[in-house]
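Below is one structure, written out as C-alpha cells, with a few remarks after it.
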Amino acid sequence: MSLYLHDTSTRTVREFVPVKPGRVSIYLCGATVQAPPHIGHIRSGVNFDVLRRWLTHLGYDVWLCRNVTDIDDKIIRVAAEEGVPWFVVAERNYRHFTWAYDALGCLPPTVEPRATGHIPEMIELMARLIDKGHAYAAGGDVYFDVRSYADRYGELSNQKLENMRPAADTDTDTHKRDPRDFALWKAAKPGEPTWRTPWGPGRPGWHLECSAMATKYLGSTFDIHGGGVDLLFPHHENEQAQSRAAGDGFARYWLHNGLLTLGGEKMSKSLGNSLLVSEMLKVVRAVELRYYLVSAHYRSPIEYSEEALQEAATAYRRIEGFVTRAAEIVHDVDKDVPLPQAFVDAMNNDIGTPQAIAAIHESVREGNAALAQGNKDRVARILAETEKMLDILGLNPRSEQWRSAGDDTGLRDTVDALVSVVLEQRQAARARKDYATADAIRDQLAAAGIVVEDTPQGTRWELAR
RNA sequence: GGUGGAGUGGCCGAGUGGAUGAGGCAGCGGCCUGCAAAGCCGCGUACACGGGUUCGAUUCCCGUCUCCACCUCCA
C-alpha cells in the first residue's frame, strides 16, 4: 500500500505521487511572529514534522520550507505600543517559536525564509499579475482582482464568489474595485516600515509572501502545502489564486491540521485563552506534550484538558518504561527490523497516528511479556521495532532529543554507584528477612526521588517522574 | 446566508455495512512479589436524536438538535 493523504482541494483521501520521483517538497505556513507560540501553533509544527519523518522513512528526500511572516498589522501595532522598531518584536517572537519547535522535537526545516527578505520576489509576482490583468495598483496599494479570476476563485475552499460576504470596510479598502479584492501590497502609512516598489513605497499584504517564497524555494509547482484549517480561507485560497493566476502550478496537495480548542473555543490570543508552550512545559515534559499532540489524528479537533494531557503522559511512560527496561538488557539494536504492518498501514492511511500509537502499545505489551519471560532475543527484536516506530513519531525516549533532556550520563553513573551500595544493604536485609529495614531503605530512596523495583533479573532503580 | 468539521464506554481517542467494540487512562478481579512497584491475564448491554434504504446501520441516504471553524487578524 502506498501513501494516501487527505487533500483539502478535492476533499478526498487520494494517493500521494510527488512531482519529482524520490523527492517531496512541502511548504508549511509557519508563524506570523506577533507573539510567543501557544500549543495550537506547535501542534501544526508537530503534525507536519511527523508527516516529514514518515516521508523520509519511505525513502523520499524531503524539502521542508517553513516560512516566517515577520511583518503584519499586529507586529507593527505591538512595536508601536512598545515604542520599538517592528523587527525587535519580530525577532523576539521568532526566537520564541524556534525554541518551542526545538523543544517539541520538530526537525529544523530545510529552509526557513522570511517575508521581508523576499520583497523583490513579491514585486516580480505582482508585476506578472498586473501584466495578466489579475491585479491593479490604486492609490499606492496593489490589489488582486477577484472578478478577473471569478471562475476559479474559491475553488480551494469550495466557495462561490457570489456567496462571499464583502469584507468589512476599513480605511484601506477605499481603492478596491470590488470589496472582495485582497491587498497584495499596502501603501505606506506614516510611521510604518516601508519598502520601495514601482507602485510606490509600502509593505506586503498578508498572502503574497507565501506565494513568492514557496515558488522560489520549491519551484512553480510543488507537492504539499500545509497549515491550520483556519488558514484555508482567505489565506490559502488567496495564495493559490494569485499564484495560479500568475501562471504557476503551485501546490498539488493541500493538508490542513485541525485546531486546538480550549473551553470549546479556538485557542487564540484575542480570546485570551491561549496556553503558551512555555507554560505547558511546566506541567509535563516536552516529549509527553508531543505524545499528547500526536495521539489524536492531525485533522481532528483537540479540546484541550489538563486531565487528558496527564493521561497522555501516563500512557507515554508505559512505553518509555518498556524501552528503558529492555535497553538495560539489549545492547545492540538492529536498525533493519521491519516495522509492524499495522503501523505501516496506519501511517500510509493519511498519517493515522492514533492507530500507529496503538501498534506501538501492542508491541510494548508483547515486549513486556518477553521481558517477564526473560526471552532476550524476543525483547531485542521488539525493542528494535518499537524504537523504530517511536523514531518516526519523534517519540523515542532514547533518541538524542529526549535522552539529553532527562539526565546527565556522568552524573547518572555516580548516582548509580551510590544507589548500588544502598541497594546491597537492602538486599542483605531482605536475605535475612528483615523486611522492616528493607522497606525503610526503599522509602528513604523514594523520598530522595529514586524508585526501586524488584524484578526477576534483580533490583533496578530509576528517577521518579 | 455560504463552506467545512464534530457529537463513540467513567475519561481520552480510532474505526467499520454484519459474526469477537482499536489503543490508552481510570476502575474491578486474578497472576507475579516477603510486601510493593512494574508487568502480564481477564472484565466494557457505546456510537446525539428521528426517519429511510438493507437480510442487517454506529457506518449509507434524508431530516432535526447541539457544538466548533472559516467567510479578509489567526496554526
Side-chain angles (χ1 to χ4, degrees), chain A residues 8 11 28-32 34-35 37-45 47-48 72-74 77 154 157-160 162-168 170 173 179-183 205-207 226-235 237-238 256-261 264-271 291-292 295-297 299-303 305 307-319 321-322 325 342 346 349 352-362 364-373 430 433-435 438-439 442-443 446 451-456 460 462:
Chain A
T8 308
R11 289 166 296 284
L28 174 61
C29 275
T32 302
Q34 45 189 219
H38 57 60
I39 55 172
H41 295 117
I42 296 308
R43 178 188 188 187
S44 183
N47 286 156
F48 284 92
D72 88 322
D73 292 355
K74 244 181 216 172
R77 200 204 316 144
S157 55
N158 194 32
Q159 298 184 93
K160 299 246 185 297
E162 60 266 28
N163 289 333
M164 290 179 193
R165 287 180 180 170
T170 69
D173 287 344
R180 294 161 299 196
D181 289 351
F182 59 89
W206 178 29
H207 319 292
V229 274
D230 53 345
L231 296 181
L232 176 56
F233 192 89
H235 187 51
E237 186 70 58
N238 290 353
H256 290 99
N257 63 274
L259 302 185
L260 214 145
T261 59
E265 282 181 310
K266 178 170 132 180
M267 193 169 286
S268 75
K269 293 171 288 283
S270 50
L271 289 168
Y291 180 94
Y292 174 65
S295 63
H297 186 81
R299 284 192 285 120
S300 297
I302 296 179
E303 163 67 18
S305 77
E307 294 71 29
L309 179 62
Q310 293 294 357
E311 276 187 15
T314 306
Y316 180 73
R317 285 172 205 161
R318 174 180 138 79
I319 296 170
F322 164 68
R325 277 174 268 123
N349 182 16
T353 53
Q355 292 139 295
I357 286 178
I360 291 174
H361 280 285
E362 297 282 4
V364 166
R365 182 161 41 72
E366 270 185 63
N368 278 326
L371 220 37
Q373 292 156 6
R430 291 178 75 202
K433 299 204 189 307
D434 178 5
Y435 295 122
D439 291 352
R442 185 167 64 192
D443 290 346
V451 179
V452 173
E453 294 177 2
D454 297 317
T455 76
R460 62 184 293 279
E462 58 182 45

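Proteins come first, then strands; the chains are lettered A, B, ... in the order of their sequence lines, and each starts at number 1. Nothing here was measured: the structure is a model prediction, and the numbers come from that model.
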[X] has a side chain; which of [options] sits nearest to it?
X        : options                : answer
A/Asp72  : B/rC70, B/rG34, B/rC73 : B/rC73
A/Ala296 : B/rA69, B/rC40, B/rG13 : B/rG13
A/Gln159 : B/rG2, B/rC40, B/rA38  : B/rG2
A/Phe233 : B/rC68, B/rU72, B/rG34 : B/rU72
A/Leu260 : B/rC40, B/rU72, B/rA75 : B/rA75
A/Ala438 : B/rG39, B/rC70, B/rG34 : B/rG34
A/Arg11  : B/rG4, B/rG13, B/rA75  : B/rG4
A/Asp230 : B/rU72, B/rA14, B/rA69 : B/rA69

Just to be sure I understand the rule, does [X] reach a base, reach only the sugar-phosphate, or reach nothing, if contact means heavy atoms closer than 4.0 Å?
X        : value
A/Asn47  : nothing
A/Gly30  : sugar-phosphate
A/Asp73  : nothing
A/Asp454 : base
A/Thr32  : sugar-phosphate
A/Thr8   : nothing
A/Leu28  : nothing
A/Leu232 : nothing

Could you summarise the pairing of RNA chain B as dot-bracket text, marking Watson-Crick and G-U pairs under 3.5 Å with ( ) or [ ] inside the strand and | across strands?
(((((((..(((.....[....))).(((((.......)))))....(((((..]....))))))))))))....
Let me see the working for A/His38 and A/Leu260 under side chain to side chain contact (heavy atoms under 4.5 Å, CB included), right down to the final yes or no.
CA-CA 10 Å; A/His38 57 60; A/Leu260 214 145; over 6 Å; no
Do A/Gln159 and A/Ser157 meet the criterion of a side-chain donor-acceptor pair at a distance under 3.5 Å?
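Side-chain D/A pair, A/Gln159 to A/Ser157: present.
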On RNA chain B, compare the nucleotides closest to A/Glu307 and A/Arg325; which residue's is nearer the 5' end?
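Taking each residue's closest nucleotide, the earlier one in sequence belongs to A/Glu307.
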By nearest heavy atom, map A/His38 and A/Gly264 onto RNA chain B; which one lands nearer the 5' end?
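Looking at the nearest nucleotide for each, A/Gly264 comes out on the 5' side.
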N/O to N/O distances under 3.5 Å, protein versus nucleotides 21-26 of chain B:
residue	atom	partner	partner atom	Å
B/rG24	N2	A/Glu311	OE1	2.6

Set out, in order, the CA-CA distance, both residues' side-chain angles and the distance that settles side chain to side chain contact (heavy atoms under 4.5 Å, CB included) for A/Arg318 and A/Val364, then state yes or no.
CA-CA 8 Å; A/Arg318 174 180 138 79; A/Val364 166; 4.0 Å; yes
Residue of the set A/Met267, A/Lys266, A/Glu303 for which side-chain contact (heavy atoms from CB on, under 4.5 Å) holds with A/Leu259:
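Per the side-chain contact (heavy atoms from CB on, under 4.5 Å) rule, the option paired with A/Leu259 is A/Lys266, out of A/Met267, A/Lys266, A/Glu303.
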Only counting residues at least two apart or in another chain, list the ones meeting side-chain contact (heavy atoms from CB on, under 4.5 Å) with A/Ala358.
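side-chain contact (heavy atoms from CB on, under 4.5 Å) list for A/Ala358, sorted by chain: empty.
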